[in-house]
Amino acid sequence: MPTLRIVTWNINSVRLRLPLLTDLVRDLAPDVICLQETKCPDELFPHEGVAGLGFPYRAVRGMKGYNGVAVLSRIPLAIREGDPDWCEKGDCRHLGVTLDVPGGLDLHNFYVPAGGDVPDRAANPKFAHKLDFLAEATAWNQARGPARRAVMLGDLNIAPLEHDVWSHRQMLGVVSHTPVEVEALASWQQAGAWHDALRHFVPPSEKLYTWWSYRAKDWAAANRGRRLDHIWVSQDLAGSLSGCDVLRAARGWAQASDHVPVMAEMKL
DNA sequence: ATGGTAGAAACTCTA
């Protein structure tokens, strides 16, 4: 039974942190790596460096300065055509591919808008964009029906559960954990009947973070993290899940991203 | 109520 390891990581500049991918590959041995915030136009993507790490199949969707997603794979893949241009912005926040495994496997790599600082749709256009993006994604999944043989992952910029943040009470008014965002994410998850691969293994009573702010004096001592990065699988794959990992040590690497890699393993 | 840090890019935006 072939094992498939999939990693999602908001790398926060693929060119700056290309050397850290070596450490990620060493520590997690992924078959597929999904990146967000590559901040790199496609013509400048470091293809040779990534190929040298053992990822001959790559799909990239980047732009200058902001956003950008990429899928790096040991397994052949095809870029999905016809997926939406979210909020008609052309801003490189989604890349859908089909992996060439027996039976095929759809993989959707998302970078959901962060949403700015003020959790008010009327006062803050970035928050409105985040909610609109989530509503579009929900409608998209609703129209397609429950996902089958599919993985949905990325930096979703929402920490949905009480123990996905360091203090539920103190975070209720902070963008990423407000009730309106949490409800929107739950609607999306329900629309696709997605199964949370990390919480499949880690009980909801246990704290679990994938992001720690750059602004803390000592991120590890303060440990005021949030679980913003997610891996969801379709219900038909839930029984195939065989493990997961959050590479917390990556937050302590030299020139670290503020997000750490998150891995799910399944026996296909 | 505010500022703290980081990256890309280019004198400012986004997170």
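All chains are named by letter (A, B, ...) in the order of the sequence lines, taking the proteins before the strands, and each is independently numbered beginning at 1.
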Sugar-phosphate only, base, or nothing, as touched by A:Arg224 at under 4.0 Å among non-hydrogen atoms: nothing

More than 12 non-hydrogen atoms from neighbouring residues, nucleotides or ligands closer than 6.0 Å to CD on A:Glu48, yes or no? no

Near-strand residues of residues 209-218 of chain A, defined as heavy-atom separation under 4.0 angstrom from DNA chain B: A:Tyr214, A:Arg215

Does A:Arg26 have more than 12 heavy atoms from other residues, nucleotides or ligands lying within 6.0 Å of its CZ? yes

Any salt bridge between A:Arg121 and A:Asp132, counting N to O under 4.0 Å? yes

Taking only Lys NZ, Arg NE, NH1 and NH2, and the carboxylate oxygens of Asp or Glu, determine whether A:Arg227 and A:Asp196 approach each other closer than 4.0 Å. yes

Check every strand shown and say whether A:Gln36 touches a base, only sugar-phosphate, or nothing at a heavy-atom separation below 4.0 Å. nothing

5'-most contact on DNA chain B (nearest-nucleotide basis), A:Glu37 vs A:Arg15, goes to A:Arg15

Do A:Arg58's NZ or CZ and the ring of A:Phe45 fall within the cation-pi criteria of under 6.0 Å and 45°? no

First and last nucleotide of DNA chain B in contact with chain A, 5' to 3', at under 4.0 Å to a heavy atom: what are they? B:dG4 to B:dA15

Could you tell me if A:Arg224 sits above the aromatic ring of A:Trp166, with its cationic atom closer than 6.0 Å to the ring centre and no more than 45 degrees from the axis? yes

5' priority, DNA chain B, between A:Ala256 and A:Tyr66 [closest heavy atom]: A:Ala256

Quote, to the nearest angstrom, the C1' distance that separates B:dT14 from B:dA9. 12 Å

Between A:Trp86 and A:Trp140, does a ring pair (Phe, Tyr, Trp, His ring centres under 6.0 Å) hold up when you go through it step by step? CA-CA 10 Å; A:Trp86 305 95; A:Trp140 178 66; 5.3 Å; yes

How would you list, by chain and number, every residue that makes a salt bridge (charged side-chain N to carboxylate O under 4.0 Å, His left out) with A:Asp83, sequence neighbours excluded? A:Arg80

With rounding to the closest Å, how many angstrom separate the P atoms on B:dA6 and B:dA1? 27 Å

